[in-house]
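Below is one structure, written out as structure tokens; the observations come after it.
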Amino acid sequence: MRKIMKQNQYLKICLLLLGSFLSINCQQQKVAKTDPISKKEGLRVAFYNVENFMDTINDPLTRDEEFTPKSDKQWNTEKYFSKVGHINQVIDSLGFPAIMGFAEIEHGANLEDLCASKRMQEKKYKWVSQESPDERGIDVGLIYRSDIVQMIDFKAIPVVIPDNVAIKGDSSTRDILYFRCMINNRDTLYVFVNHWPSRSGGELQSDPLRQFAAMILKQRLRPLISKSPNALILVIGDFNDTPTNNSISEILGAQSISSKEALMINPGLDLKGDWTGSHCFRGQWNLLDQIIYARGFVSSSSPFLTPEFNIYHPRFILFKDPKTQKLQPNRTYGGNLYYGGYSDHLPVYLDLRLKK
């Protein structure tokens with residue numbers, strides 16, 4: 001396991017100053033926020049692929065050279081902390097979720113920087129992440145409010161692609177992060193944070209990679225549900241597949257809530273309205289970022305009402321394409337061109353409201 005590279009003290013001071021500036025700036029802009037959920041009402045769980053949230057240090061063990069000051073992207077300290085501020089702004093506007101998973105962080109130090117701001121410290125955020133063997137060095141991670149969520153344990157679940165499935169001999173991909181916790185010292189919650197192999201090389205050609213990741217996850221879910229049929233399990237992440245792809249609908253068995261036999265429920269199948277996608281590629285929206293939950297959440301023993309799933313799409317994280325005049329995520333980079341935006345994905349969230 002690689003040693004986590006920490007930002008130096010000077011950068012921490014920059015972050016605190018930048019966080020204070022952004023907090024004031026957000027108030028001046030009156031950024032629209034979702035309605036927060038109080039501890040008495042329940043809790044909110046969110047997920048966000050934050051598009052190459054990399055530090056500026058060249059790690060000799062990974063292919064992260066493009067995110068350094070001397071690269072064509074000219075990724076530097078100023079841009080890094082602008083990114084930190086943007087992500088903090090999204091967390092704030094989401095009402096400070098009790099649990100929030102991330103994809104495309106470089107390591108835990110990125111989450112540590114997020115949690116260093118005054119507002120995040122007030123909410124008692126802590127972070128969890130494990131280094132994985134992804135060749136670019138990107139990982140998944142999670143932050144949680146320690147005043148609401150009490151961590152029991154966590155571990156990385158390796159996803160090692162076999163040679164007969166791997167493309168061009170590359171078997172490295174992101175681990176699945178397993179996180180077990182208590183909610184308000186009462187109910188046990190199991191969270192699996194995912195970032196499945198991308199569609200690079202073509203959706204069909206890369207499909208076996210995601211099906212393999214789905215099988216690894218299913219192997220962990222099956223005994224857990226068999227032992228505790230009403231277990232409160234959340235599967236969150238960027239799956240690089242939609243709810244109707246075989247990896248999710250068939251292998252993982254995540255179906256619509258109307259399916260009476262499915263053990264896993266994918267609320268993304270029941271989305272209605274104008275926003276049904278979290279990622280836009282060449283003008284085509286797809287719901288790659290999802291929060292799937294076990295049937296235990298809708299059992300008679302569940303402390304929660306039926307979970308409410310949404311795609312978060314406030315105007316400030318969107319960009320209007322001047323050619324098409326259509327909205328899409330306001331990303332940080334387009335190739336080597338720096339846009340200074342938030343991410344090429346939209347966050348998703350699930351509201352878990354307590355029964356009265």
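The chain is numbered in sequence order, starting from 1.
- Partners of Glu308 by salt bridge (charged side-chain N to carboxylate O under 4.0 Å, His left out), not counting sequence neighbours, listed by chain and number: Arg353.
- Rounding to the nearest 0.5 Å places CG of Asn286 at 8.5 Å from NE2 of His279.
- Between the side chains of Asp321 and Gln325, no donor-acceptor pair is found at a separation under 3.5 Å.
- For Tyr178, the ring pair (Phe, Tyr, Trp, His ring centres under 6.0 Å) partners two or more places apart in sequence, or in a different chain, are Phe192.
- Side-chain N/O atoms of His107 and Asp55 include a donor and acceptor closer than 3.5 Å.
- Between Asp139 and Arg174 there is no salt bridge, since no side-chain N of the basic residue sits under 4.0 Å from a carboxylate O of the acidic one.
- Following chains of ILVMFWY side-chain contacts shorter than 4.5 Å, one cannot reach Leu288 starting from Leu271, and the two form parts of different hydrophobic clusters.
- Geometrically, Lys79 engages Tyr338 in a cation-pi contact defined by less than 6.0 Å to the ring centre and at most 45° from the axis.
- Here the straight-line distance linking atom OH of Tyr144 with atom CD1 of Ile183 works out to 13.5 Å at 0.5 Å rounding.
- Distance check, rounded to the nearest 0.5 Å: OG1 of Thr68 to CD of Gln74 gives 10.0 Å.
- Taking Lys123 as the reference, nothing meets the salt bridge (charged side-chain N to carboxylate O under 4.0 Å, His left out) condition, with sequence neighbours excluded.
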Side-chain atoms of residues 216-230: list all donor-acceptor pairs with protein atoms under 3.5 Å, sequence neighbours left out, distances to 0.1 Å.
unit_1: Lys218; atom_1: NZ; unit_2: Ile251; atom_2: O; d: 3.3
unit_1: Ser226; atom_1: OG; unit_2: Arg222; atom_2: O; d: 2.9
unit_1: Asn230; atom_1: ND2; unit_2: Ser301; atom_2: OG; d: 3.4

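- Pairs engaging residues 46-66 under the ring-ring contact (aromatic ring centres under 6.0 Å, His included) rule: Phe53-Tyr80 [sequence neighbours left out].
- Not counting sequence neighbours, the partners of Ala46 by the side-chain contact (heavy atoms from CB on, under 4.5 Å) test are Leu94, Pro97, Met100, Tyr349.
- Cation-pi contact between Lys355 and Phe304: absent, since separation from the ring centre below 6.0 Å together with deviation from the ring axis within 45° is not met.
- The OG1 atom of Thr188 lies 4.5 Å from the CE atom of Met182; values are rounded to the nearest 0.5 Å.
- Residues in residues 218-253 take part in these ring-ring contact (aromatic ring centres under 6.0 Å, His included) pairs, two or more places apart or across chains: Trp196-Phe239.
- The aromatic rings of Tyr293 and Phe297 lie perpendicular to each other, with more than 60° between the two planes, well past the 30° mark.
- Between Trp127 and the options Leu142, Asn110, Ile143, Ile105, a side chain to side chain contact (heavy atoms under 4.5 Å, CB included) holds for only Ile143.
- Annotation: the span from Glu104 atom CD to Asp134 atom CG amounts to 9.0 Å, rounded to 0.5 Å.
- In this structure, Phe154 has no ring pair (Phe, Tyr, Trp, His ring centres under 6.0 Å) partners at least two apart in sequence or on a different chain.
- With sequence neighbours excluded, the residues forming a side-chain contact (heavy atoms from CB on, under 4.5 Å) with Asn330 are Phe319, Tyr342, listed by chain and number.
- Ring geometry for Phe67 versus Trp75: interplanar angle over 60°, hence perpendicular rather than tilted (30 to 60°).
- Checked against side-chain contact (heavy atoms from CB on, under 4.5 Å), Val165 has the following partners two or more places apart in sequence or in another chain: Ile161, Pro162, Pro208, Leu209.
- In the model, Ser198 has no side-chain atom that pairs as donor or acceptor with a side-chain atom of Ser200 under 3.5 Å.
- Evaluation of the side-chain contact (heavy atoms from CB on, under 4.5 Å) rule for Glu65 yields Asn58, Arg63 as partners, not counting sequence neighbours.
- A distance of 8.5 Å separates CG of Leu177 from CG of Asp175, quoted to the nearest 0.5 Å.
- Under the rule for a salt bridge (charged side-chain N to carboxylate O under 4.0 Å, His left out), the partners of Arg145 that lie at least two apart in sequence or sit in another chain are Asp147.
- Between Val149 and Ile99 the shortest heavy-atom distance is CG2-CG1, 3.8 Å.
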